[in-house]
J.: 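Following this message is one structure expressed as structure tokens.
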There are 2 protein chains.
Amino acid sequence: MTYVTAVLDALGDPTRRAIFERLHGGARAVGEIARDVPVSRPAVSQHLRVLKSAGLVTDRADGTRRLYSVSQEGLAALRAYLDDFWEQALTGFKAAAERGGKS
Amino acid sequence: MTYVTAVLDALGDPTRRAIFERLHGGARAVGEIARDVPVSRPAVSQHLRVLKSAGLVTDRADGTRRLYSVSQEGLAALRAYLDDFWEQALTGFKAAAERGGKS
DNA sequence: CAGTTACGTAAGTCATCACTTACGGTAAGT
DNA sequence: ACTTACCGTAAGTGATGACTTACGTAACTG
């Protein structure tokens, strides 16, 4: 829930979105991702750390490699945030409408 | 739909989120928002411009004031993006599972 | 037990962007 | 017409953070 700050922060960077979106096909290794993206491998590692701390990805070891895959909780938190916000916006709008015109 | 880049970019800033969230109760003026947030009024104006170009808010004139309120399209685009991403992630996961172990 | 592969982290640089002050413009009030 | 209130924009500055190179570590291979 108050994950959302980290989630939106993480998804706020274009490179990080690119990295995150390359994971929707399944688990991938760091160097493998780095080949598809115009930044160095360490940069990818750093981005993955941010994505991980936001609950958007999980990692597991596979020999010398490290596989990253999409995690549910980050997106779930974001969705909950959107739902909540939208609901509050609706009730706020309704209340304003019932008050009549404007303030 | 490819609004989403701008939407996530806009929501990626904490101050902008704070401003955006103060709008869920109904339309508010710029100076009114600026009082609740620890930045100057011009800064709020600039943030509102970003939020507007992302389809997250709309504005209308009210005398010398300018009222900003939540817009639906930005959040709708974001939700569509999430849905799409999640669906692709699921099918990708399923395909990987049906392939057996790993690559 | 070297050598190789794959990765994370540290340190430093550079660019982006958030913020401020200053200014101009429009609408309402006197 | 003058003043006041409210706002957007321009220009310049400062700080955050994205990126690179260099280094150290863990696991597989011969």
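All values below come from the heavy atoms of this structure, side chains included, with hydrogens, waters and symmetry mates left out. Lettering of chains follows the sequences in order, A, B, ..., and the numbering in each one begins at 1.
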J.: What's the CZ-P distance between A/R66 and C/dG8, to the nearest Å?
T.: 7 Å
J.: Identify which nucleotide among D/dA18, C/dG8, C/dA18 has an atom closest to any side-chain atom of A/R16, counting heavy atoms from C-beta outward.
T.: D/dA18
J.: Is it the case that the ring center of B/Y81 lies less than 6.0 angstrom away from the ring center of B/Y3?
T.: no
J.: Counting only side-chain N and O atoms of B/H47, is one of them less than 4.0 Å from OP1 or OP2 of C/dC19?
T.: yes
J.: Taking atom types as modelled and ignoring hydrogens, do the side chains of B/Y68 and B/E32 form a donor-acceptor contact shorter than 3.5 angstrom?
T.: no
J.: Check whether any side-chain N or O of A/T15 sits under 4.0 Å from OP1 or OP2 of D/dC19, and answer yes or no.
T.: yes
J.: Among the nucleotides D/dT20, C/dC19, C/dC7, which one has an atom lying closest to any side-chain atom of B/Q46?
T.: C/dC19
J.: Please tell me if A/R49 has a side-chain N or O lying less than 4.0 Å from either OP1 or OP2 of C/dT9.
T.: yes
J.: Can you tell me how far P of C/dG8 sits from CG of A/L48, to the nearest Å?
T.: 7 Å
J.: CG of A/D62 versus P of C/dT5: gap in Å, rounded?
T.: 17 Å
J.: Under the side chain to side chain contact (heavy atoms under 4.5 Å, CB included) rule, what do B/W86 and A/Q72 come out as? Steps first, then yes or no, please.
T.: CA-CA 9 Å; B/W86 190 243; A/Q72 195 170 2; 3.3 Å; yes
J.: Kindly point out which of D/dT20, C/dA18, C/dT21 is positioned nearest to the side chain of B/S40?
T.: C/dT21
J.: Rounded to whole angstroms, how far apart are CZ on A/F20 and C1' on D/dA18?
T.: 19 Å
J.: Do A/R65 and A/D59 sit within salt-bridge range, that is, some charged N less than 4.0 Å from a carboxylate O?
T.: no
J.: Checking contacts here: which listed nucleotide (D/dC7, C/dT21, D/dA18) is nearest the side-chain heavy atoms of B/P42?
T.: C/dT21
J.: For the pair made of CD1 in B/I19 and P in C/dC19, what is the distance, rounded to whole Å?
T.: 8 Å
J.: B/E32 CD to D/dA5 P: how many Å, rounded?
T.: 17 Å
J.: Nearest-Å distance, CG (B/L67) to P (C/dA27)?
T.: 15 Å
J.: Judged by each residue's nearest nucleotide on DNA chain D, which is more toward the 5′ side, B/V30 or A/T64?
T.: B/V30
J.: Just N and O in the side chain of A/Y68: are any of them under 4.0 Å from OP1 or OP2 of C/dA6?
T.: no
J.: Taking the side chain of A/A29 as heavy atoms from C-beta outward, which of C/dT20, C/dC7, C/dA18 is closest to it?
T.: C/dC7
J.: Indicate the atoms forming the closest heavy-atom contact of B/A18 with B/V37, along with that distance.
T.: CB-CG2, 4.2 Å
J.: Taking atom C1' of C/dC7 as reference, at what distance in whole Å does atom CZ of A/R35 sit?
T.: 13 Å
J.: Find which nucleotide of DNA chain D each of A/G63 and A/R41 is nearest to by heavy atoms, and output the residue with the more 5' nucleotide.
T.: A/R41
